[in-house]
Structures are given as structure tokens and as C-alpha cells.
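Here the structure comes first, spelled out in C-alpha cells, and everything after it is commentary.
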Amino acid sequence: MDGELLPRDFFDRPVDEVAPSLLGHVITHRTAEGDVAARLTEVEAYAGPLDPASHAYRGRTRRNAVMFGPPGHVYVYFTYGMHFCMNLVCGPDGTSMAVLLRAGEIIAGEDMARTRRPRSTVRDLARGPARLCQALGVVREQNGLDVCTPGGEMTVLRGEAADPALIRNGPRTGVNGAKEVPWRFWIDGDPTVSPYRPHVLRRRKKITADE
DNA sequence: TGATGGATTATCT
DNA sequence: GATAATCCATCAA
């Protein structure tokens with residue numbers, strides 16, 4: 001992949017500024033099998049220790065350590081026992097803000113993405129945070145990568161920034177805490193934006209005494 | 001040490 | 001719309 005990288009300064013700002021300004025730019029991942037790139041259409045902001053919905057709310061742990069480091073790095077986490085989601089770390093070193101990349105449009109490496117998600121329609125290849133990671137081939141191993149290094153394994157390239165008139169915002173998807181905070185940002189009308197789902201508690205399977 | 005609940009998705013009805 | 005799949009961080013005891 002080539003193109004102009006977003007500078008680290010781009011990420012060294014408050015997360016609610018970075019998040020909407022990321023829409024339209026391009027996340028890339030280079031692997032031995034090929035490159036895949038996605039134009040971001042939906043993101044969410046998480047604001048560190050002050051935000052009950054953030055993984056950093058309870059302080060630094062092994063899992064969220066990358067969030068506390070310098071901006072412009074990737075924070076990948078594993079969830080629901082089977083999915084990975086990715087964030088871009090924002091704000092100065094020592095703070096713990098991050099933008100969750102929720103959805104995008106695959107604009108390069110579509111064949112590779114289809115290989116990774118063979119049952120998906122083109123529209124659904126990266127329509128959702130775990131789908132985006134799967135299409136890009138992002139797993140635990142990519143946690144901590146720097147996206148501001150030219151020629152790096154993962155980069156964020158300057159695309160055509162979304163028209164501000166088309167950017168919408170609303171409550172974050174599937175979160176329990178701070179439900180009212182309108183920090184989900186998306187490009188209105190884009191078909192690759194994921195459907196909004198409020199948080200639901202899963203019923204735990206009842207343990208039967210004998211089986 | 002055990003219980004609980006996830007920044008989700010595919011696949012049913 | 002509902003639910004299963006299924007690892008792991010967190011918290012109570």
C-alpha cells in the first residue's frame with residue numbers, strides 16, 4: 001500500500017475530535033498473502049478513566065496497556081470468546097483514549113478479504129468491528145503496532161475525509177455504561193455502516209444437575 | 001476459585 | 001426476533 005500516512009499529531013488530540021475526523025480515511029494491513037485496505041465509515045470514541053464504557057476505566061492492565069502508551073498505535077482486544085476488535089490510540093502518552101473502528105468499505109485486497117470471510121457479501125465484508133478485523137486479518141498478534149511508520153505492517157492513509165454535512169453521531173453500540181454519551185460517529189447513508197443494536201444481557205445457560 | 005458479563009456475529013424461527 | 005458459540009477480564013468470597 002502506498003499513500004500519505006496520517007501524521008502522529010492527527011491522533012494526539014482529544015478522542016471525540018479524532019473519531020469523526022477519521023471517517024473517510026483508510027486503514028491498511030499488509031501480510032505475506034497480500035494487502036487489504038478499508039475506508040472507515042463508522043467509529044466510536046472511548047475516553048479512558050473517566051468513561052465507564054472504556055476498557056481503561058479501571059486503570060491499566062495487561063490487556064489495555066497499549067491504550068496508555070503513545071498515540072497512533074493499534075489496541076486489539078478479544079471479546080465474546082471468538083472475536084477481535086481494533087482501536088486506534090489517541091491523546092498524549094500516558095492518557096488512555098482510543099477510537100474503536102466499527103466498520104469500513106474494503107477498497108483494496110477484496111479477494112483476500114473474501115478469502116477470510118467466504119460467506120460474506122461484499123457489503124458485509126467489514127460491516128461491524130469484528131468483521132472489519134477479520135477482513136483485514138487483524139488478531140492478537142497485531143496489538144500494539146504503530147500505524148504512523150511508513151512501510152509499517154499497518155498504516156492509516158489519508159483518504160477523502162467525509163463530508164462534515166454527512167457525519168452523524170449517536171449513542172455507542174452495545175455498551176452498558178454511559179449509554180447516553182453520543183460518541184458513535186458514522187457517514188450517513190453509507191451501506192457499510194453497521195446496524196445499531198442496544199446493549200442486551202445474555203441469558204446464561206442453565207446448569208442442569210444431571211445430563 | 002467460581003460466577004458473571006461482555007465495545008459480536010451467524011444462524012436459526 | 002432470539003439464541004448459541006465460547007475465551008477472558010473482573011469481582012466477590
Side-chain angles (χ1 to χ4, degrees), chain A residues 11 15-16 18-20 22-23 27 38 40-68 73-91 95-104 106 113-144 168-186 191-209 211:
Chain A
F11 301 98
V15 70
D16 55 322
V18 178
L22 267 173
L23 295 172
I27 180 85
L40 297 173
T41 58
E42 180 189 356
V43 298
E44 279 174 5
Y46 288 87
L50 302 177
D51 181 357
S54 170
H55 287 175
Y57 184 57
R58 291 175 177 79
R60 181 181 184 133
T61 64
R62 190 154 71 253
R63 175 172 75 151
N64 66 23
V66 175
M67 292 180 85
F68 289 81
H73 289 249
V74 180
Y75 164 51
V76 179
Y77 68 91
F78 184 64
T79 192
Y80 288 101
M82 65 203 86
H83 297 304
F84 292 97
C85 298
M86 65 179 294
N87 297 248
L88 297 174
V89 177
C90 299
T95 63
S96 53
M97 302 181 278
V99 176
L100 170 70
L101 306 186
R102 284 200 57 87
I106 301 297
R114 295 198 66 117
T115 302
R116 293 180 175 133
R117 294 184 42 78
R119 323 220 359 149
S120 178
T121 62
V122 173
R123 181 199 188 200
D124 284 346
L125 279 174
R127 187 171 176 247
R131 291 167 168 182
L132 176 66
C133 279
Q134 203 180 0
L136 289 182
V138 170
V139 294
R140 222 184 300 268
E141 199 174 38
Q142 277 68 43
N143 187 42
R168 299 285 179 274
N169 70 292
R172 295 173 292 188
T173 304
V175 301
N176 202 358
K179 290 181 164 65
E180 75 290 353
V181 178
W183 274 3
R184 172 177 180 246
F185 301 91
W186 68 94
T192 64
V193 172
S194 72
Y196 176 76
R197 295 191 202 85
H199 178 77
V200 285
L201 268 183
R202 303 175 356 281
R203 280 214 320 273
R204 195 163 204 85
K205 189 178 169 187
K206 205 161 132 187
I207 313 258
T208 53
E211 191 83 21

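Chain A is the first sequence line, chain B the second, and so forth, proteins listed ahead of strands; every chain is numbered from 1. As a basis for the values below, the full set of heavy atoms in this structure was taken, side chains included, without hydrogen atoms, waters or symmetry mates.
- Rounded to whole angstrom, the span from the CZ atom of A:Arg62 across to the P atom of C:dT10 amounts to 10 Å.
- A:Ala53 comes within contact range of at least one nucleobase, with a heavy-atom separation under 4.0 Å.
- Of the candidates B:dA10, C:dT10, B:dG6, B:dG6 carries the atom nearest the A:His199 side chain, counting heavy atoms from C-beta on.
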Check your understanding: Can you list the steps and then say if A:Phe185 with A:Val99 is a side chain to side chain contact (heavy atoms under 4.5 Å, CB included)?
Key -> CA-CA 10 Å; A:Phe185 301 91; A:Val99 176; over 6 Å; no

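- Judged by centroid separation below 5.5 Å and plane tilt below 30°, A:Tyr77 does not stack onto the base of B:dA7.
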Donor-acceptor contacts under 3.5 Å from residues 168-178 of chain A side chains, at least two apart:
{"residue": "A:Arg168", "atom": "NH1", "partner": "A:Ala165", "partner atom": "O", "Å": "3.0"}
{"residue": "A:Arg168", "atom": "NH2", "partner": "A:Asp188", "partner atom": "OD2", "Å": "3.2"}
{"residue": "A:Asn169", "atom": "ND2", "partner": "A:Pro182", "partner atom": "O", "Å": "3.1"}
{"residue": "A:Arg172", "atom": "NH1", "partner": "A:Ala45", "partner atom": "O", "Å": "2.8"}
{"residue": "A:Arg172", "atom": "NH1", "partner": "A:Asp51", "partner atom": "OD2", "Å": "2.7"}
{"residue": "A:Arg172", "atom": "NH2", "partner": "A:Asp51", "partner atom": "OD1", "Å": "3.1"}
{"residue": "A:Thr173", "atom": "OG1", "partner": "A:Glu44", "partner atom": "OE2", "Å": "3.2"}
{"residue": "A:Thr173", "atom": "OG1", "partner": "A:Arg184", "partner atom": "NE", "Å": "3.4"}
{"residue": "A:Asn176", "atom": "OD1", "partner": "A:Lys179", "partner atom": "NZ", "Å": "2.7"}

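- Nearest nucleotide to the A:Phe78 side chain, out of B:dA7, B:dG6, C:dC8: C:dC8.
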Review point. Could you spell out the base pairing of DNA chain B in dot-bracket, with Watson-Crick or G-U pairs whose two distances are under 3.5 Å, [ ] crossing and | to another strand?
Key: ||||||.|||||.

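- In summary, of the residues considered (A:Phe68, A:Tyr77, A:Tyr46), a ring-ring contact (aromatic ring centres under 6.0 Å, His included) with A:His55 occurs for A:Tyr77 alone.
- In this structure, A:Tyr80 places its OH atom 16 Å from P of C:dA5, rounding to the nearest Å.
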Practice item. Kindly determine whether A:Gln142 and A:Met86 satisfy side chain to side chain contact (heavy atoms under 4.5 Å, CB included), including the steps that lead there. Key: CA-CA 9 Å; A:Gln142 277 68 43; A:Met86 65 179 294; over 6 Å; no

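- Using a 4.0 Å heavy-atom cutoff across all strands shown, A:Asn176 reaches sugar-phosphate atoms only and no base atom.
- The distance between atom CG of A:Asp124 and atom P of B:dT8, rounded to the nearest whole Å, is 16 Å.
- Regarding A:Phe84, its CZ atom lies at a distance of 8 Å from the P atom of C:dC8, rounded to whole Å.
- In this structure, CZ of A:Arg58 is placed 11 Å from C1' of B:dG5, rounded to the nearest angstrom.
- C:dA9 atom P lies 11 Å from atom NE2 of A:His55, rounded to whole Å.
- Along DNA chain C, the nucleotide closest to A:Arg140 and the one closest to A:Met82 are compared, and the more 5′ of them pairs with A:Met82.
- No more than 12 heavy atoms of other residues, nucleotides or ligands shown are found within 6.0 angstrom of OH on A:Tyr57.
- Computed from coordinates, the A:Arg172 CZ to B:dT8 C1' distance equals 17 Å when rounded to whole Å.
- Remark: C1' of B:dT8 and CD of A:Glu42 are 13 Å apart, rounded to the nearest angstrom.
- The side chain of A:Arg197 has B:dT9 as its nearest neighbour among C:dT10, B:dT9, B:dA7.
- For the segment residues 113-121 of chain A, no residue has any heavy atom less than 4.0 angstrom from an atom of DNA chain C.
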